[in-house]
Amino acid sequence: MNLTPSQWAALLPLLFPALGACLIPLMALDKDQATAKWIRGVMYGTALLAVVASFWYLTDLWRTGAQPSFFQLRMDRLAQFTGIFVVVAAALTILQSWDHFHQEGWVKGETVSLLLFSVVGMMLFASTTHFVTLFLGLELFSLPLYALVGTVRARSESAEGGMKYFLTGAVASSCFLMGGVLIYGLSGTLDLSAAAVTLKAQGLALDPLVLAGAALLLLGFLFKVSAVPFHQWTPDAYEASPHPIAGFMSVATKGVAFIALLRVFPGSFAPLGALGARMQAVVAVLAVATLVLGNLTALVQSNVKRMLAYSSISHAGYLMLGFVAGTPAAYTGVLFYLVIYLAMNMGAFGLLTAFGLVGEHTTFEDLRGLGWKRPAMGFAAAVFMLSLAGIPPLGGFYGKYMIFRELVGTGHVGLAILGVLASLVSAYYYLRLLVALFLQAPSAEAERLASDRPAVHAPLAGAAVLVCAAMVLAGGFLQYALSDGFAKRAIEEGLGLIH
Amino acid sequence: MFITFALITLLGALGMLLQKNVIVAGLCMVATFFGVAGLFVLLANPVAAALQIIVYSGAIMVLVLFVIMMLNSHQEEEAVVSRPIQRWLSVALLAALVLGAVKLVMASGGLKTLAAKGAEMPQAMTLQKVGTALFADHLLGFEVAGLVLLAAMIGAVALTKRNL
Amino acid sequence: MNKYYWLIPILPLLGAAFNGLLGKRAGKGAVTFVGLGVVFGSLLLAFSAFFAMKGMPDHRLILNYGEWMATGSLSVPFGLVIDPLSGTMMLVVTGIGFLIHLYSVGYMHGDEGYARFFSYLNLFVFFMLTLVLGSSLVLMFVGWEGVGLCSYLLIGYYFETDFAPQAGLKAFLMNRVGDLGVSIGMLVLFAAFGTLTISDILTQAGHLAPEVGFGVLTFATLMLFVGATGKSAQLPLYLWLPDAMAGPTPVSALIHAATMVTSGIYMICRLAPVYTLAPITMDVVAWVGAATALFAATIGLFQRDIKKVLAYSTVSQLGYMFLGLGAAGFSAGFFHVFTHAWFKALLFLGAGSVIHAMHHEQDLFKMGGLKAKTKITFITMVAGTVAIMGFPGTSGFFSKDEILYLAYLKSPALWVIGVIAACCTSFYMWRLMALTFWGEPRDHHAYDHAHESPLSMTLPLMLLAVGSLLWGFWGVPEAFGGHFRIGEWLNSALTYGQTHAAHGHHEGPAVLLAVISTTLGLGFGFLGWSKYKGGPAWELAFAAKFPFLHNLLLNKYYVDEGVELYLLRPIRWFGNVLWKLFDVIIIDGVGVNLPGALARVFGDFTALFQTGRVRNYALSMALGAAVLLYVFLK
Amino acid sequence: MTGMDAILHGGLQGYLVVALLLFALGLATVLLRRTLLLQFMGVELMLNAANVALLAFARFRGGDAQAMVFYLFIIAVAACEAAIGLALVIGLYRHRDTTDSDRATSLKQ
Amino acid sequence: MTWLTSHPITFLVFAPTLLAFVLMALPHALGKLARMLGFLGALAIFILSLAWLLGHNPVAGGVILAERAPWFTLVGLPVDYALAVDGLNLWLVILTTFLVPLTMMGTWNSLKDRIGTFAALFLLLETGMLGALVAQDLFVFYLFWEAMLIPMYFMIGVWGGDERRYAANKFFLYTLSGSLLWLVALLYLANKAGGFNPALMAQAASALPFGVQSWLFIAFAVAFAIKVPLFPLHTWLPDAHVQAPTAGSVILAGVLLKLGGYGFIRFAIPMFPQAAMHYAGPIAILSVVAIVYGALVAMVQRDIKKLVAYSSVSHMGFVMLGLASMTVIGTQGAMLQMLNHGISTGALFLLVGMLYDRAHTRMIADFGGVAVKMPIFTTFFLIVTLSSIGLPLTNGFVGEFWILNGTFLSGFSWGRLYACLATSGVLLGAVYMLWMFMRVFWGPENKDEDSGTHHLHSDLNAREIAVMLPLVVLIVWMGVHPKTFVAVSEAPVAALLQDIKAPAPRTFVLKPAVHEAPAVHTPEGHAVPAAHEVHR
């Protein structure tokens, strides 16, 4: 079994994180406290190194362009896009977790190792159309996340959150599996694009079993993007998990799930035309539900993390609207949106670390007046919130803009109006965070706590947040470069959709 | 023959669903696994059957029962408050799903032809074929599966090991 | 010389600016010098302009100084028009204005607001001249509002008191009500004539046929007349004038007797050709004028404040003027403006001198017996009184007689009203005189310190007295062998080449009417004098006998209270309703905050689904699966 | 043979029906039982159902080695899920001293 | 330098932002320095704007300066970076650059904390306003339009009064709600037109069925009407004004509101002429209601600032009426009235701020007899009041007179009636302003210990006088020689009204005397209307 250099090059981005993931636990042998500190540093360093290396090779790949698929792997531009997306998210997460876990007093190498595992899984998940690899990828990135949610055992919530996430997730993935099996059953091949072709050839495109299979597959994806009504794990899991992990889940999981959905439904299942139409129909319905429910519930949250969780649900709604529009431009918009969303949400969750909020102290009350204490962070917070609300000229606006434009272009004016109304509602709860940060003086009790706690020291998280802010701003002012140079090419040369 | 194994499988599952005592429920599940293994035999797939018994009944069930013992929570605890809506909604939904499933199977033309075609096909699977498939076509998958196991292990350790 | 005439209005403006900005620092002397100097300067210029105008073939001098506010089809130049009408008025304003400035030097000396006062006064002269000379209605409107402003400022001159500010506000707002009329009138006229330049309008009007029924011009002229009622204190907008007496007395004389209040009449004369085209308006004008004359005269009967009496007499005299205008006697009306300016200014200044002498005591019942102490004032005021009561030969006689005569020609009823008003006038005027100068002093302390005023105050009195006695001979009507020269003089300005302007009123028993009205007037004058020369006893008796009537008249028919109760309060109430109910509750509450609240309520509701029980989550997923399968399989 | 016969006499349909019923029962366990362990077993059942279907199809496609390989992977994954799941249960039990999922509701709304 | 000469507008628009970032970078301790820097920068920008914008004389189409370059193409819609200063926005631009430094100076000491940040936000706001004013591409316009919200939000929310959070959120969401729906309409039209170039969009719009046009116009109109604010979308204004710090109120009244009216004249009306004509009536009704309503509500206010806020509603009603009249006179009046309102109401807010800084109350009842204590202040306040009630020879008069005139002449049947109704606004304006003036400044001095008058110790200082003088000069200048400020917009407005085929003015015909030949004396430019033209 020997691989050509190009194939190696295509594999490297996956290999580095995998290697790191396997190496890191081995370092945890030494038990001496003095060295333990250094060891942790080395662990995080290794993880970061692995991620950076992977990023490096991914950019190399991007320069060379799409790779011929081998094994069940398709290292096309879409996969590379995903890789870069996930890797960046992971890097930010690692930076933040160093500070966060120190604040929580729970620094473990395993966490980063698990993170790397799920990074590998995500890359696989989004870079194949072969169901086996798809399923394995799914499990490879889900299982570590289940564990990560519950990783801070000191908190009683963590295990509960992990349990909920795991149980619902397991049900979802067995549905996903069953769906795949059904499709395999009638097509006789486990490669979904091949399956689509054969089904088309045998005229089984609309066979009930195929449709059922497709529906179950879709369920799997929708669960991961936490669309209503598969969303309920989201707030609990986010609240339970450490801030950086929550950020990573909200961004990377959603992202890869959407990209995989993109690859499978508009991509592989393109031959089965009617199926795509039904997908859009059901996604439209669920998107509306997601927008309404996500935004309205976010409105009444007192805990910032839960608010962000519901906001991430509602953002899933916007992205789903992109699928409803279903034009290549819309998909470009979806990818663009994802990139900005990565920056916004990683930043938003990073803020919690940067402000040194630990445990359950993540309510709006705890944030009061912090914006003036840490002006840079405050500025970043303003950028994130306004961008999440879709206020120009920030990146978030352009994501919405592209998607709405396609919606209107394809005649879904009603949905577009609903979308803007939803973002009006969302503006309120995003402003709430700014109100807390800037417009309110810290409560006496908060002051007392602050005086008790040591001064917040989160250089890495702060840096990560600033990077995110820079990305959001860049998204606002270099939108065309990001869209045309990155997202659009990923769609064109990955999905093979012609603009 | 098929009916027997099918019944064993389903009744086992049903027992697990209804049985109050957790241990008994676990044993019912073992029965189900055996039933499934039997079905595999009928499907002329002894290897699968063997694996089914070894892995599931052997590994997983033992693990589960071990945990049950460890947590010494043999009886299901009393419900905080009964959830009729949850129950009846679920039951109705499941009934619908079951009927739907049968209807689905009946309705699917592709399935019928496949059944007709496949019935007289000989079982051509050999371990050698499987091996090549595993290590040639699915090498990647194999590696990944390894990763999954490793990840799960690390995860389990991270979640449970007392002082890490 | 022509090119300096723009200084006629501008000089006083400069004076106002100087006194306003630097007056305090410059000191009294400078203020006096500038304040009087500028008015005197413009008086001289006015004379020169006047004669220049006389030299013109068509007695018209139109000067343009560039564009003011031109856009689209609208063009409003800065320009002056000097013709017999405006010329005469210009002289009255500058002349009497100067006298009153002179008077104020004495009256206001020792007031810390000296500079402020003179700057206001100059400003007033500026605006008044703009009103008079403005070549377009808009420019006239500038003066119109400007004089309103000045009267507002001057009435509120004693702003630290309680009453003056309210009086000022009242004056300004009532004038504003009138100004609405003027603005609407201007809008209509512009839509009708396509220009607001007076000469153009009048020229066009000269070629139009009188309107039958209620037409555009009727509407426009009525609207303008509303403005006139505001400015000239006619029913129903007369209420502000009596209160305006809160201002310093010279102000009352200059603004609220001689000049500003007559600008309503002036405007109608200015637009005489247009008015003659609207018969209905003319009737309205006549009747409103008559009604006002009578109404105000009756109120004047029993007022106790000396200035209030004069104020109501002013209102009723203004009514006369409108009566004259309405009777198509524009020149007659204007003649009365002219004469009235003299004797009413005289009376006010006299009253001022009395008040000055009595240390700002204005209650008639507290005066008495002053003729010994203040000779000049006494004599001059007698002159004024005989003039206003229309003693044969005085200016008042001729002008009032002309008006009554024309009124008779229009409708005898009007004549009757006029005569009654005249009787009241002479009654309360002599009541005033008697209570002031005859009888026993009723407030000895004040009486002992009473003294004649300085020359700067008495000199104007004397000049005005002469004027008010003699000016009548400028308008001796044909009936008395004269030629009503002023009529001829103004004719060109009033008719503007209009052929069918209403004139030629030489039928009817002119002399007889004059005799009747005059004798009645004299009779009532004597009555008033005789009843009161011994003091207010008779009035108290009368009040005891007819309390209702007396109170009614004393309290001015309770109109102020009525307005407050039935007009102002409801408006304020309405404003509050709009604000608290409509704005806050309906729009803001229901329209804005309710959706927000609803959203939160829904949010709370949807949050309930997040039960925290994983089974429920799984169930909702199962439901979702059902939905998916249904949509896909159906 | 007709559909029903096929189901009853071990035709492909029969295996599929069994698979789907098993799947439903697994789901039922998740929905109706409160004991976390049983709910996890339910998940295992669902995976098993998928296995049955997979291998049935494989058989009727003349023994598709690919499916068999996939089956192996699924077993592996199932084991992993069991491991993680049980670990979480233990973690929860340590904090709450319960395995009743309805009692683990500190995260809600 | 070459870059500067080729991109003057870009510089004008973005120089404040650069400066703002510098100020933000400055440490908190250097707030005073930041304030000074900000002021000097704003002043320099004002001077530059004068030099660059008044220097040129308009070329074809009234354009004075213009920049246009393709910016980007996103989802198939090209967006041009197109900025221009022309007759329609020249003076609004200058008003903006003028008011910013003036306001900074006028509120020099009224803020105590985070003055550096405040100055920075102020400059950011300036960028937003200038950008929105000069944008010639609807996408760019939308960007600036929305971007304006952010600094204003913080200015109200951080430095505002007790209810500031509510007010800030209200302001933000209210405006956002309008502009988000507008965005959908924008996208719809851009999708039809294949771009955001107003001309193209107008073409595309004209091709649409009237129903669609109406909806699009309504979407545009609502977004702009909220900013104006037009009754009944005005309720955010009083809260925002009352809660905002003085500087915020001044800019809010001075420039932000104008953008609403400007949006109408620049985009809404030319892009949807038919719909604009069709809805001119309703808009006019709302304007008249706004005029009267705003005045009546202002009359009963107890808080001076709130009174002024409601007076803005009334004054902006005049602007909308003038625009709705679709006549040159009316529209020009509206253009002027926008500037007037910017100057007068801006000045009023400044004065109220000066009073508040001394007395720490704005309740009318807390004052009385202020004139005794602060004569200079009183004089300024009186002058500004007079201009705000439209006294002749002040700016207020010219604008209102033109608007009324234009409305009365307008080709719509409602014109005359509404003009007459609107005149009542002039009266009511005098009522509430002078009544307030009387209660605050005149009357016997209010001697209570806790009264506002009691806390007045100093009259205006040199700085404050220096701030007010230019405003007073402008008030008179605009009143005596309005040509300076509207000459440049005359041609564009006339052209615009011609393009949209506005109905010809309605005038009266008068019956000439029998022996006269008819029509000779109906002045030119007055089309002969139907026979029923007698006013009733």
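Quantities reported herein were computed from a predicted structural model and do not represent experimental measurements. In the text below, chain A, chain B and the rest are named by the order of the sequence lines, each starting its count at 1.
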Which heavy-atom pair separates B/Val148 from D/Cys80 by the least distance, and what is that distance?
CG1-SG, 3.6 Å
How far does CE of B/Met29 sit from CG of D/Leu38, to the nearest 0.5 angstrom?
9.0 Å
Quick check on B/Val130 against chain D: is it the side chain, the backbone, both or neither that has a heavy atom closer than 4.5 Å?
both
Go through the steps for B/Phe142 and D/Val69 under the test side-chain contact (heavy atoms from CB on, under 4.5 Å), then give the verdict.
CA-CA 9 Å; B/Phe142 180 74; D/Val69 173; over 6 Å; no
Between CE on residue D/Met41 and OH on residue B/Tyr56, distance to nearest 0.5 Å
14.0 Å
Look at D/Phe23, D/Phe57, D/Phe60 and state which one has the largest set of heavy-atom pairs under 4.5 Å with chain B.
D/Phe60
Show the nearest heavy-atom pair for residues B/Ala13 and D/Leu22, with the distance to one decimal.
CB-CD1, 3.8 Å
Apply side-chain contact (heavy atoms from CB on, under 4.5 Å) to B/Val67 and D/Tyr93, showing your working.
CA-CA 11 Å; B/Val67 171; D/Tyr93 186 80; over 6 Å; no
Between B/Phe5 and chain D, with a heavy-atom cut-off of 4.5 Å, which part of the residue counts as in contact: side chain, backbone, both or neither?
neither
Report the residues that fulfil salt bridge (charged side-chain N to carboxylate O under 4.0 Å, His left out) with D/Arg96, sequence neighbours left out, ordered by chain and then residue number.
A/Glu160
Test side-chain contact (heavy atoms from CB on, under 4.5 Å) on B/Leu134 and D/Phe73 and set out the steps.
CA-CA 10 Å; B/Leu134 181 57; D/Phe73 292 155; 3.7 Å; yes
Quick one: which of D/Val52, D/Leu55, D/Val18, D/Asn51 gives a side chain to side chain contact (heavy atoms under 4.5 Å, CB included) with B/Val36?
D/Val52
Would you check, one step at a time, whether the test side-chain contact (heavy atoms from CB on, under 4.5 Å) holds for B/Arg87 with D/Leu31?
CA-CA 8 Å; B/Arg87 167 169 297 146; D/Leu31 293 181; over 6 Å; no
Before we go on, tell me: are the rings of D/Tyr15 and B/Phe2 under 6.0 Å apart, centre to centre?
yes
Within this structure, what is the CD1-CD1 distance for the pair B/Ile54 and D/Ile75, rounded to the nearest 0.5 Å?
9.0 Å
Counting heavy-atom pairs closer than 4.5 Å to chain B, which one of D/Gly42, D/Ala19, D/Ala56 comes out on top?
D/Ala56
With sequence neighbours left out, what residues match D/Arg59 under side-chain hydrogen bond (donor to acceptor under 3.5 Å, both in side chains)?
none
Look up atom CG in D/Leu32 and atom CZ in B/Arg83, then write down how far apart they are to the nearest 0.5 Å.
14.0 Å
Heavy-atom pairs under 4.5 Å with chain B are the metric here; pick the option from D/Glu44, D/Glu81, D/Arg103 that has the most.
D/Arg103
Greatest number of non-hydrogen atom pairs under 4.5 angstrom with chain D, of B/Ala44, B/Gly141, B/Ala59, falls to B/Gly141
Is B/Leu14 close to chain D through its backbone or its side chain, or both, or neither, when contacts mean heavy atoms under 4.5 Å?
both
Rounded at 0.5 Å granularity, tell me how far CG in B/Leu18 sits from CG in D/Leu25.
9.0 Å
Which one, B/Leu114, B/Ile3, B/Leu159, leads in non-hydrogen pairs under 4.5 Å with chain D?
B/Leu114
Considering all heavy atoms of both residues, which atom of D/Ala65 and which atom of B/Ala133 are nearest to each other, and what is their separation?
CB-CB, 4.0 Å
Please look at B/Val47 and chain D and tell me whether the side chain, the backbone, both or neither of the residue comes under 4.5 angstrom of a heavy atom of that chain.
both
Which heavy atom of D/Met68 sits nearest to which heavy atom of B/Leu51, and what is that distance?
CE-CD1, 4.4 Å
Locate the shortest heavy-atom distance separating B/Ala48 from D/Tyr71; write the atom from each residue and the value.
O-OH, 3.3 Å
Do D/Asn48 and B/Gln52 have side-chain N/O donor and acceptor atoms under 3.5 Å apart?
yes
To the closest 0.5 Å, what do you measure between CD (D/Gln66) and NE2 (B/His138)?
4.0 Å
Return the option, out of D/Leu86, D/Leu88, D/Leu16, with the maximum number of heavy-atom pairs under 4.5 Å with chain B.
D/Leu86
Give me the atom names and distance for the closest heavy-atom approach of D/Ala76 to B/Leu149.
O-CD2, 4.0 Å
